[in-house]
Amino acid sequence: MHLVVAITPHGFGHAAQVAPVIDALRERLPALQVTLLTRLPEDFLRTRINGEFQLIEHAADFGLIMHSALQIDLRASAAAYVAAHHDWDASVRREAQLLISLVPGLVLADVPYLTLAAARYAGIPAVALCSLNWADIYRWYFSACEEAPRLLQEMESAYRGAEMFLCPEPSMPMTFLDNRISIAPLAQQASRRSAELRERLDIAPDQSVVLVMTGGVDGRFDMERWPIGQGIHWLVSQSWAVNHRDVTPFESLDWTVTDLLASCDAVLGKCGYGTVAECVTNGTPLLYVQRPDWPEERSLTDWLQIHDAGLAVDPQRLIDGRFAALVERARDLSVKTCRPTGAAEAAGLLEQYFLT
């Protein structure tokens, strides 16, 4: 009854995606022991995952190296992938030894491919879970590199070697996989407590509240230059140290991020799976900063439009901070919510590995 979960530390989205699955599996298997392999902050993980877990600060992948929350360092990322695949077979063997030492009944990866390759080498059942995969991301940015064919073969082989690749709605197509299984969205839900939130913030009932999220990747907006008195109160991470009359660090409220998201009038941030899925399932519009160079963007924005849950942000707005009209448009949206039943579906598929 031991589940080892390897989580890509590229932002918070991968952990937010897999956390509901861990919780749902624990409801079915109360004796389940959980070990996390990741370099994500423990305090964040404990806000997302119910119950105890062991954390081993180890990451089998890095995703991409970022200049900021929205800008990828392509040169550094390409070099890092070359280094990661320098002696691929040796890396697989080292990772396999770590997994063997943990004696898991199942390995779940969101979505480090080295972990999947190592589990297969060690003879340990392994399942992938994610709305994207790093092979398709690598192909999008680096297919012209001389080493790309070799690296892609190793990546794709690792993903194909998983017993299943669970793809929550909305996911990238991932056409190279023949082991993919589609499941419903993965997200946490919370009760809408808008009046209580305004009371805590000591603001007028008609003032809009917008939560600013960049998905756990370093970087901030220059909010000190944004105008005051727009009828908007912003909730931002205290790490940004924003000096603005209409800004409150959300940590000071002692609410979970999902509670805040569900109680705000809108979220401002990038299109990442966790933010998109939680906005739709909680009925909160997303004001999204467009990233046309991000290969997952299309699947996420199309899904937002289907659910009438998103409005694109003109990049100029991030400079001048004039959001009043856009926030009013967001408040007029009638988000078509959906139930995030993907966690229960995934738990039903994973449970079999501990009952046979």
Side-chain angles (χ1 to χ4, degrees), residues 1-63 84 90-134 158-159 161-166 168 183 186 188 216 256 273-274 342-356:
M1 287 288 181
H2 186 196
L3 174 69
V4 170
V5 186
I7 307 173
T8 292
H10 184 255
F12 290 162
H14 295 272
Q17 193 172 80
V18 78
V21 176
I22 297 171
D23 291 346
L25 188 57
R26 266 199 169 129
E27 289 180 6
R28 293 169 176 259
L29 304 171
L32 186 69
Q33 176 189 354
V34 176
T35 298
L36 306 183
L37 300 178
T38 188
R39 289 204 174 100
L40 289 170
E42 183 173 359
D43 56 353
F44 167 75
L45 294 168
R46 294 202 179 278
T47 67
R48 286 286 176 167
I49 299 170
N50 297 324
E52 287 303 308
F53 57 80
Q54 178 188 10
L55 174 62
I56 298 176
E57 293 188 10
H58 171 81
D61 71 348
F62 59 92
S91 296
V92 170
R93 290 193 295 270
R94 283 194 300 270
E95 196 71 12
Q97 287 304 310
L98 171 60
L99 296 179
I100 290 168
S101 72
L102 297 173
V103 197
L106 177 68
V107 170
L108 179 62
D110 192 329
V111 66
Y113 55 90
L114 175 59
T115 303
L116 296 168
R120 187 176 189 187
Y121 178 85
I124 300 169
V127 172
L129 165 74
C130 199
S131 58
L132 56 79
N133 67 82
W134 294 116
Y159 283 130
E163 303 213 353
M164 298 181 286
F165 196 124
L166 304 181
I183 60 174
L186 294 169
Q188 291 185 336
T256 69
Y273 182 92
E345 292 178 32
L349 293 167
L350 300 180
E351 181 184 27
Q352 62 182 307
Y353 293 97
F354 299 98
L355 300 179
T356 56

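Because only heavy atoms are used, hydrogens play no part in the values below, and waters and symmetry mates are left out as well, while side chains stay in.
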Item to check | Heavy-atom pair with the smallest gap, counting every atom of A60 and E95 | outcome: CB-OE2, 3.6 Å
Item to check | salt bridge (charged side-chain N to carboxylate O under 4.0 Å, His left out) pairs, two or more places apart, involving residues 345-355 | outcome: R28-E351
Item to check | Closest contact, heavy atoms only, I183 versus G342 | outcome: CD1-O, 3.7 Å
Checklist entry - For T47, which residues count as a side-chain contact (heavy atoms from CB on, under 4.5 Å) partner, sequence neighbours excluded? => result F44
Item to check | Rounded distance [0.5 Å steps], CD in Q352 versus CD in E163 | outcome: 8.0 Å
Checklist entry - Which atom pair, heavy atoms only, marks the closest approach of Q17 to Y273? => result NE2-CD2, 3.0 Å
Checklist entry - With sequence neighbours excluded, what pairs up with S91 under the side chain to side chain donor-acceptor pair (under 3.5 Å) test? => result R94
Item to check | Partner set under side chain to side chain donor-acceptor pair (under 3.5 Å) for T8, not counting sequence neighbours | outcome: D61, W134
Item to check | Heavy-atom check, side chain of L45 versus side chain of T38, under 4.5 Å | outcome: yes
Checklist entry - Once you round to the nearest 0.5 Å, how far does CE of M1 lie from CD of Q33? => result 11.5 Å
Next on the checklist: Just to verify, what does E27 make a salt bridge (Lys or Arg N to Asp or Glu O under 4.0 Å) with, not counting sequence neighbours?
Outcome noted: none
Item to check | Residue pairs, two or more places apart or on separate chains, that pass salt bridge (charged side-chain N to carboxylate O under 4.0 Å, His left out) and touch residues 45-55 | outcome: E42-R46, R46-E52, R48-E278
Checklist entry - Can you name the nearest heavy-atom pair linking G11 to L40, along with the distance? => result O-CD2, 3.3 Å
Distance-only donor-acceptor hits, side chain of residues 97-123, under 3.5 Å, sequence neighbours excluded:
{"residue": "S101", "atom": "OG", "partner": "L98", "partner atom": "O", "Å": "2.6"}
{"residue": "D110", "atom": "OD1", "partner": "H14", "partner atom": "ND1", "Å": "2.9"}
{"residue": "Y113", "atom": "OH", "partner": "H85", "partner atom": "NE2", "Å": "2.7"}

Next on the checklist: Quick one, L36 and I22 - any side-chain contact, counting heavy atoms below 4.5 Å?
Outcome noted: yes
Checklist entry - Residues in ring pair (Phe, Tyr, Trp, His ring centres under 6.0 Å) with Y353, at least two apart? => result none
Next on the checklist: If you compare all heavy atoms of N50 against all heavy atoms of R26, which two are closest, and at what distance to 0.1 Å?
Outcome noted: O-NH1, 2.7 Å
Checklist entry - Minimum heavy-atom separation for F165 to L129, with atom names? => result CE2-C, 4.5 Å
Item to check | For R93, side chain to side chain donor-acceptor pair (under 3.5 Å) partners two or more places apart | outcome: none
Item to check | Interatomic spacing from OG1 in T35 to NE2 in H2 - rounded to 0.5 Å | outcome: 2.5 Å
Checklist entry - Going by the ring pair (Phe, Tyr, Trp, His ring centres under 6.0 Å) test, which pairs reach into residues 15-43, not counting sequence neighbours? => result none
Item to check | With A344 via side-chain contact (heavy atoms from CB on, under 4.5 Å) - residues at least two apart | outcome: none
